[in-house]
Structure formats: structure tokens, C-alpha cells
Engineer: 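Structure provided below as C-alpha cells; questions to follow.
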Amino acid sequence: AHCRYALGMEDGRIPDEAITASSQWYKTTGPQYARLNQEKGDGAWCPEHLDNQYLQVDLGRLTFLTVVGTQGRFARNTGNEFTSAYRLNYSRDGLLWKSWRNRLGNALIEGNKNTYASVINDLHPPIITRYIRLLPVTKHSPTVCMRVELYGCPWEDGLISYSAPEGQYMMPPGSPIACLNDSTYDGVRERRRLSGGMGQLTDGVIGLDDFLKTHQYHVWPGYDYLGWKNDSLGTQGYVEMEFVFDRQRNFTSMKVHSNNMFRSGVKIFSAVSCWFKPRLIASWEPEPVVFKTVLDDKNPSARYVTVSLNRRAAKSLRCRFYFADVWMMFSEISFQSVAFYYSKTEFFPAAPSPSARSPPEDSNTPVLIGCLVTIILLLVIIIFLILWCQYVCKVLEKAPRQILDEEVTVRLSSCSDTIILQTPPVPPRSSHAGPANSDPHYERVFLLDPQYQNPAALRNKLPELSQSAEASGNSNISFDRRYPGEISAPHYAETDIVRLQGVTGSNMYAVPALTVDSLTRKDISAAEFPRQQLIFREKLGEGQFGEVHLCEAEGLPEFLGEGSPLPERDGHSVLVAVKQLRADATSQARNDFLKEIKIMSRLNDPNIIRLLCVCVSSDPLCMVTEYMENGDLNMFLSQREIESTLTHANNIPSVSLSDLLHMAVQISSGMKYLASLNFVHRDLATRNCLLDRRLTIKIADFGMSRNLYSSDYYRIQGRAVLPIRWMAWESILLGKFTTASDVWAFGVTLWEIFTLCKEQPYSLLSDEQVIENTGEFFRNQGRQIFLYAPPLCPPSLFELMMRCWSRDIHDRPNFEGLYRALRPHVNQ
């Protein structure tokens, strides 16, 4: 669904020399004129004859081809030729050609009915190829002409063939026979083994939870899966598959989509062992990569299993997948890798021939030897310099952050390893640029960590930042003002140091710097509640200077009066969350707590947690907020499955796709409200979205204070600090928190929702690797890892997530746009 980009016939990115044909009627109807919507020459490619003629296009690299568009010869209303049908042949190497057939075995594709209208045909299955031939087929017209556009995207896996045992038949009791063969395989089938081709394991179609159901109409049960029975493969207890690639690659991981209907004897594989071969003519390396799977007997959903391959280099892999039950079924296999290029030092001069060992005395052998030694020495010096430069670059990537001349040196005690610096006022640029200090300022966070990158170096490393800086004429980094509250120039000499974490360990919103130095009771609009009516029930979390308690509030509905935000309790007591400041808190912590109360008292939205009342007339200071009975969204979704007949039959807690979309809309609505007030949340995630009895979502900020989610935060010296897996790259590397970085976190939150919170974002990466993954070094080398598309997620919604993760903050949508984009999904 995502791979439908025009490959360049119409706009000329495919050059004329890459377009050839078996024949042409005239020079003006040659293959170079076979471009969709173009009228050059005589308007199209027309072959000289009709029998077995073809138009061939070299795509320049392996491509995932999904759509073909064709037109006839219009020639400014003088043409009268078109192709009513055509066939496709394709080749990955230009030598071995294969004929394309659809999933029902039909090779003929419907063409055009007139000379001007284009006909677009989806290819089911898609083709992985470099060369493509279109062969016109007609029964009526004496001549045919074609204009063409091809659609798809680059085939990044580099896989050119896989080999496996042939799929088998399954006869479930009371169900139709399931044929689990690879019906679109384009290689050789002999002795019950598939070899030298590609098929359904690389067609981009993920099998359903129930392997008897299919995405396609008029096909047999089990069509989407390739499956094997344990005892039919002898006593070995595994399925062996081989994968061949276009060149040697460094493999990061392998993702295998596997069925897990354990009630039918089908499970994901228990373990896998993979051997590596650096070249096709070499032997298999003796040391395999072994991966053991965590088996799941509670969730029958099909899922991707990600196998780490430890960056091993190879051109071919042989993997053995071990059975965990009677049956094992795969619907898709993909690889994450980068191409491996040989160093010049791997090539050596050939050994001298016998005649060269005894040259005549008057030969130039000494001169040649001297030249050869000189060349070798020069190569060694060049290689040494290259390696040294790479080493220096890597050291710079991981160098400790150097304190610049205009920075202040800050040493933190063990109780806190994060600082937030308050940006000083920015002087007005000019009289026509708006009122002075019209842009609000925001708090920013910096990691004092040996892995932290030098912000000064980042200006040179990130082109989008350095260009902005040059455009502004400022040596500091300058950012566009599309999002309210962005920092115009991140200085590093701030002295007003406060914490990212609130005093209770919860997140504290970043807001425009318009509060005074000290706050008093008169600054707080929330009503004072009698503290003796708060009855302690449970401790929910804690921070450096405060705690969060679950309390029962007696008489709270009557206290709040009409218009109370509390739901009907049916005579039950009201449960509330109470943030309490400890008695030993510092004066700064006390002021921060009152500031947090003032911020919370300004929030009034159905999808934002509400401050109900306060207890600040005496110590300890308390704020009372809503408590949501269904807990947080992360816990709620992780305990549920997607709604199906199976969940209904077995009374398994479930949610529908409509429920998930409605949750996404509610979160976007709440964030739209925060953005309208220029508030930056800085910790948006499912753990900070709470649900009431009616599944209404309210965005909160308790996640950081709860031990349950401590692994979601980057830890320095044992203390949970930053939610880096949800943070935008500029927040991690530059300490820049804005509405745009909240949009990034919203995209990750959507990803959590549509994975039902079964997996942590970037679960295969350590915290340090997540930080490295955001850097320019990984992005330039093509090693950056991205979140995959959840199987439950509609393609259009995943495209919206990808926009939220745009490297350039100007390309990210705002929350108003996100809300408008998500609303129609719920209605559908």
C-alpha cells in the first residue's frame, strides 16, 4: 500500500538508454517515446510486428514493482493505436526471464480501450525485479502502440532468492483442507523443495490470525501462509531455509511473520540458528547466530518475531527454524541490513609466473619492483589516514559535551542527573518583526552524559540546522517559528536551573516563562478542600520531594457543587489522586509545587486530567486531581486482544479497531487543547493516558513517578530521567522541547496503540543505542532503525505516523491537522 511511487518513465528519471524494444515501426515510434502522458516523436512506442514483441525497461536496481499504467498513441488526436491486453516478463539479473501470473494463474493483463485514457493495473502479486518487459497482445488491431509508467519502490532487502521445503496440506477437523504451499513462487520446484526464486514470503502480504482466512478472494484456505508439519520432515525437528542476496551485507536483524494458532497445533518457532557465507563459493562460517523465542500460549495472534543477527557480514544465509508444536507457518520474511563494500586492501597482485622469477639481467625488474613497493606504501598510508579519520569521527560522535565559553559549569548530586535550563529573553529583531519578546520561552533539558554530543558540532553536522543558522545570520542555531514557543537560538549560558521532573516525580508541563519568581496562595484559583476528608488508600508513586497517593475524598461532589467534572458514583465514594509535597522539601521545590498547581488550574478540557481542588493553607501542600478507574492506556491495551470471533467465543477481553481509532482521536483532541495554550507536555505516551469507566481518555503526567514504567525512562546513575524512546531527535540531541517534539511523541503513542502495547518502542535497542540511532552518524550511513508498521494499523494512519517522525520539524503536522485527519477514520 505504501510502495506506489512513479519510477520515472513520465518525468524522465529513467533515461532513454534504459528503454529498449525488440523492434520499432519508425524512428519516431522508438522505445524512448513510450512514456506515459508524453507526446514526443509520434506519441508512443509501436513495434514493427505483433508476434512476441516487447518493450523492455531497465530500472537500474532491484525494485518492488506494484503497479503498471499504460496508454495508447494519442499523438495530439491523430493516433488510433492502443493495446487491449499485455503480458509481463521480468528478470532480476537480465539473464533468466520469468513470466508473471496473477494469484489465480492468469498471465493476461487488461489494457486500454482507447488511445488517450490511461489504465492502471495493480500487480497481485507484486514483482521483485530489475528488468521488466511488456508484451502487447491483441486480436483485432493490425498495429499496437504503448505508453507506459511503472510504479513501486526500491527493494532495500537486497534478497534475490530463497530456498525452502515445499509447503504441505493440512486437514483440520471439521474445516476445509488448507493448502500451505507457496503458490506464487517463481523459482524451481523439484524433489519437494523450492529453490532459486521468490514468492509469497516477500510479497508484502501479512497473513491473518486465522490461517484459514485469506486476504484474497477465490483462493483456497491457507493461501497466505507457507507451512510445514513437524513429523513430515523426518526426525530433524526444524525447517531449513537459505537466503541469497545481491551483494555482501551487514545484517542487523531478520523479521519473520509467523502464525500462532496454538489451539490448532500451530506455534511460532521455538528457536532459530543462522549460518553465514561471505561469498557464494565460500564455505559456511562455523559459528552460527542462535536466537531463542519467547513462546506465547495466551495470545493466538499472528505476529512478527524479530531475530537479531548481530551485524554479521554475508552474501548468503542458512537458517534452521525449530518447531515448537506440530505445525509452523510463515507469511513474510524480511531483513534489515546495509551493503558491505570491500576495502581495496582485500585485492592483491597475482603471483608472478615462472618466467618472471628469472628475468634477464638487462630487464627493468628493479624499477618495477620499486614502483610497486612505492604504490603499496602509498596505499597503506591512504588506508591508515582513512581509518584514522573514521576513528576521529567516531570519537567526536561520542565525545563528552564540552562546556562552551558562554556556558556555566553545573555539577549534579546523585539524586538528579538532569538539568533544565531556562532560556533568557530574546531581543527583538526589528520593528516589523512583531512585538518584543512575543515568542514565549521554554525549558530545555540536557544530558550530562559521556555519550552526549557536542551541540556546537551539531551545527556543522545537521544540514537543516546549519542552513537555518546561515539564513538568520546568527552563529547559533535558528529555528522556524511554525510551532509556538520554539527557541529561536539555543544559548548555553542560562543560570535559572530547574528540574524536568516535578517535585512528585511526575512530569511538569513546559509553559511560556511568564510566572513570577515566587507564588503565593492568592495566585491559585482552585478551591481549598478540608484535608481531613482525604482518606489514604494506596501510594501510587514518588519523586525527589513529593509523593502521589490514591485517596478517598468524602463529600467532594457536594464541595465542588453543580458542574462538577466528577462522574456519577452511584452512591460510591470518590477516588482521587493526591500529589503531596514532603515536609523536608526545599523552598525552591515548594515554589515549583505552587507553580505546578497554577499550571494545572488553567487546564479545562474533556481529554486532560483535571485539578479538582487543593490543600495549601497548611503543610503538607497537596493538589487533588481526578483518578481514572480503568488505569492507564498502556496497561489497559496490553491486557486485551483485537476483537474477533475467537475473542467473543472465549470471553477474551478485546478492543475493536474502531475503539483504537477513537482513543487516537481523543488523545489528539487533548493535545490540540494543550498546544492552543502553548503548553508542551514532554512525556506523551500511553502510560500517561488514563481511562475512566466510559473509556474516555484523559492525558495526565504520572508515568515518570511510577516504578512500573521505570524501564521506559533513560537512567543515569540508577535514576529514571528521560523517556528517550518517545522523544524527538532534537529533544535528545539539542534539548529542544516544543509542540513539534510532542507531535513526534504522539506518533510513537499511536504506534503503541496499534501494537496493543505488546512491545516497547525500539525494543531491540538498548537506551544507549536509541540515543545513537537519532544521530547524524547513523542517518548518513543508512544504519538508522525505524519503527515498523503495526499489522493492525491502516496504511493511511501509518503514513500519518511517519509524518510525525519527519526529521525536519517543518514537515511534521500540528495537532489541529492530526485531529482533523483522524476524525474521518472513526466515522468510517
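Just so you know, residue 1 is the first one in the sequence shown, and it goes up from there.
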Engineer: So, do W744 and M727 sit near enough that their side-chain heavy atoms are less than 4.5 Å apart?
Structural biologist: no
Engineer: Assert yes or no for the condition that the ring centre distance of F754 to F798 is strictly below 6.0 Å.
Structural biologist: no
Engineer: Is it true that the side chains of T686 and E752 contain a donor and an acceptor less than 3.5 Å apart?
Structural biologist: yes
Engineer: Just how far is it from atom CG of N102 to atom CG of L123, taken to the nearest 0.5 Å?
Structural biologist: 10.0 Å
Engineer: In Å and rounded to the nearest 0.5 Å, what is the CD to CG distance from Q760 to L765?
Structural biologist: 10.0 Å
Engineer: With the side chain counted from C-beta on, respond yes when D692 and N630 share a heavy-atom pair under 4.5 Å apart, and no when they do not.
Structural biologist: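 D692 does not reach N630 side chain to side chain.
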Engineer: Any chance the rings of Y788 and W751 have centres within less than 6.0 Å?
Structural biologist: yes
Engineer: Check whether any side-chain heavy atom of S331 sits under 4.5 Å from a side-chain heavy atom of Q200, and report yes or no.
Structural biologist: no
Engineer: For N299 and S301, test the side chains for any donor-to-acceptor distance below 3.5 angstrom and give the result as yes or no.
Structural biologist: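 Side chains of N299 and S301: pair found under 3.5 Å.
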Engineer: Tell me, yes or no, whether the heavy-atom count around E110 atom CD, taken from other residues, nucleotides or ligands under 6.0 Å, exceeds 12.
Structural biologist: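 Incorrect, the count does not exceed 12.
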Engineer: Side-chain contact, heavy-atom cut-off 4.5 Å: P221 with P176?
Structural biologist: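 Heavy-atom side-chain distance check passes, below 4.5 Å.
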Engineer: Counting only heavy atoms not in K539 (residues, nucleotides, ligands), do more than 12 fall under 6.0 Å from its NZ?
Structural biologist: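 Atom NZ in K539 is crowded, with more than 12 foreign heavy atoms closer than 6.0 Å.
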Engineer: Quick one about Y762 and N773 (side-chain donor to acceptor, distance below 3.5 Å, no hydrogens or angles considered), yes or no?
Structural biologist: no
Engineer: Would you say the side chain of I753 lies within less than 4.5 Å of the side chain of L792, judging by non-hydrogen atoms?
Structural biologist: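 L792 does not reach I753 side chain to side chain.
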Engineer: What heavy-atom pair brings Y169 and I177 nearest, and what distance separates the two atoms?
Structural biologist: CD2-CG2, 3.9 Å
Engineer: Check the side chains of E242 and S316 for a donor-acceptor pair under 3.5 angstrom, ignoring hydrogens and angles.
Structural biologist: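 Judged by distance alone, the side chains do not pair up.
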Engineer: Is any side-chain heavy atom of R303 closer than 4.5 Å to a side-chain heavy atom of K758?
Structural biologist: no
Engineer: Do the ring centers of Y162 and Y185 come within less than 6.0 Å of each other?
Structural biologist: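 Yes, close enough.
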Engineer: Give the minimum heavy-atom separation between R311 and N250, together with the two atoms involved.
Structural biologist: O-OD1, 4.0 Å
Engineer: Is the terminal nitrogen or CZ of R92 (NZ for Lys, CZ for Arg) located under 6.0 angstrom from the six-membered ring centre of W155 and within 45° of that ring's axis?
Structural biologist: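 Checked: cation-pi criterion not met.
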Engineer: Between G152 and C3, what is the shortest heavy-atom contact and its length?
Structural biologist: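 Heavy atoms only, the tightest pair is C-SG, 3.3 Å.
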Engineer: Between W100 and D186, is there a side-chain heavy-atom distance shorter than 4.5 Å?
Structural biologist: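 D186 does not reach W100 side chain to side chain.
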Engineer: Is W220 reaching over with its side chain to a backbone N or O of C179, donor-acceptor style, under 3.5 angstrom?
Structural biologist: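 Between the backbone of C179 and the side chain of W220 there is a qualifying donor-acceptor contact (under 3.5 Å).
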Engineer: So, F746 versus F815, ring centres under 6.0 angstrom or not?
Structural biologist: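 Yes, ring centres under 6.0 Å apart.
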Engineer: Are the side chains of F251 and R312 in touch, meaning some heavy atoms are under 4.5 Å apart?
Structural biologist: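 They are not in side-chain contact.
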Engineer: Would you sort out whether K213 and D224 count as a salt bridge (charged side-chain N to carboxylate O under 4.0 Å, His left out), showing the intermediate values?
Structural biologist: CA-CA 8 Å; K213 297 180 180 179; D224 290 341; over 6 Å; no
Engineer: Does NZ or CZ of R687 come closer than 6.0 Å to the centre of the six-membered ring of W726, within 45° of the ring's axis?
Structural biologist: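 Relative to the ring axis of W726, which defines the angle, R687 lies inside both limits.
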Engineer: I would like to know whether Q336 and S253 meet side chain to side chain donor-acceptor pair (under 3.5 Å); could you show each step before the answer?
Structural biologist: CA-CA 5 Å; Q336 285 72 48; S253 62; 2.7 Å; yes
Engineer: Whether the side chain of H215 engages the backbone of I206 through a donor-acceptor N/O pair (distance < 3.5 Å, no angle test) should be reported.
Structural biologist: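 Yes: the side chain of H215 pairs with the backbone of I206.
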Engineer: Please say which of L818, L822, L633 ends up in a side-chain contact (heavy atoms from CB on, under 4.5 Å) with I667.
Structural biologist: L633
Engineer: When the aromatic ring centroids of Y322 and Y238 are compared, is their separation below 6.0 Å?
Structural biologist: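 For Y322 and Y238, the ring centres are under 6.0 Å apart.
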Engineer: Verify the distance criterion only: is there a donor paired with an acceptor across the side chains of N310 and S308 at less than 3.5 Å?
Structural biologist: yes
Engineer: Quick one: does any side-chain atom of N688 pair with a main-chain N or O of D683 as donor and acceptor, under 3.5 Å?
Structural biologist: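 Flag set: sc N688 to bb D683 pair under 3.5 Å.
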Engineer: Does NZ in K229 sit with more than 12 non-hydrogen atoms of other residues, nucleotides or ligands closer than 6.0 Å?
Structural biologist: no
Engineer: Which atoms form the tightest heavy-atom contact between S654 and R640, and what is the distance?
Structural biologist: N-CG, 3.9 Å
Engineer: Quick one: are the ring centres of F335 and F243 less than 6.0 Å apart?
Structural biologist: yes
Engineer: Would you say that more than 12 heavy atoms from the other residues, nucleotides or ligands in this model lie under 6.0 Å from the NZ of K255, or not?
Structural biologist: yes
Engineer: In this structure, which one of L194, V272, L201, L317 forms a side-chain contact (heavy atoms from CB on, under 4.5 Å) with M241?
Structural biologist: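 Filter result, single survivor: L201.
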Engineer: Grab the two heavy atoms, one from G196 and one from K98, that are nearest each other, plus how far apart they are.
Structural biologist: O-NZ, 4.1 Å
Engineer: Short question: side chain of Q769, backbone of S766 - any donor-acceptor pair under 3.5 Å?
Structural biologist: yes
Engineer: Measure from the side-chain N and O atoms of Y90 to the backbone N and O of L65, and report whether any donor-acceptor pair falls under 3.5 Å.
Structural biologist: no
Engineer: Please lay out, stage by stage, how V290 and S273 fare under the test side-chain contact (heavy atoms from CB on, under 4.5 Å).
Structural biologist: CA-CA 4 Å; V290 179; S273 299; 3.8 Å; yes
Engineer: Out of Y304, W228, F211, which one pairs with F330 under the ring pair (Phe, Tyr, Trp, His ring centres under 6.0 Å) rule?
Structural biologist: W228
Engineer: Within the side chain of S638, is there an N or O that forms a donor-acceptor pair under 3.5 Å with the backbone of N634?
Structural biologist: yes
Engineer: Start with the C-alpha distance between T63 and Y151, add both sets of side-chain angles, then the distance that settles side-chain contact (heavy atoms from CB on, under 4.5 Å), and finish with yes or no.
Structural biologist: CA-CA 9 Å; T63 302; Y151 301 84; over 6 Å; no
Engineer: Can you tell me if R191 has over 12 outside heavy atoms packed within less than 6.0 Å of its CZ?
Structural biologist: no
Engineer: Evaluate whether atom CZ of R189 has more than 12 neighbouring non-hydrogen atoms of other residues, nucleotides or ligands under 6.0 angstrom away.
Structural biologist: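 Result for CZ/R189: enclosed.
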Engineer: Please determine whether salt bridge (charged side-chain N to carboxylate O under 4.0 Å, His left out) holds for the pair D203 and R103, giving the CA-CA distance in whole Å, both sets of side-chain angles, and the decisive distance to 0.1 Å.
Structural biologist: CA-CA 11 Å; D203 65 358; R103 297 189 186 278; 3.2 Å; yes
Engineer: So, for F262 and D297, which heavy atoms are closest and what is the spacing to 0.1 Å?
Structural biologist: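 So the two residues come closest at CZ-O, 3.2 Å.
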Engineer: Yes or no on salt bridge (charged side-chain N to carboxylate O under 4.0 Å, His left out) for K698 and E626, after CA distance, side-chain angles and deciding distance?
Structural biologist: CA-CA 9 Å; K698 292 181 181 285; E626 295 174 287; 3.8 Å; yes
Engineer: Closer than 3.5 angstrom, by distance alone: can the side chain of N607 be matched with the main-chain N or O of S669 as a donor-acceptor pair?
Structural biologist: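 No: the side chain of N607 does not pair with the backbone of S669.
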Engineer: Between T214 (side chain only) and Q216 (backbone N and O only), is there a donor and an acceptor less than 3.5 Å apart?
Structural biologist: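 Yes: the side chain of T214 pairs with the backbone of Q216.
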Engineer: Taking V338's backbone N and O only, do any of them form a donor-acceptor pair with R249's side chain (distance below 3.5 Å, no angle check)?
Structural biologist: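 Side chain of R249 to backbone of V338, a donor-acceptor pair under 3.5 Å: no, none is there.
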Engineer: For the pair S763 (side chain) and E759 (backbone), establish whether a donor and an acceptor sit closer than 3.5 Å, ignoring hydrogens and angles.
Structural biologist: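 Checked: no pair found.
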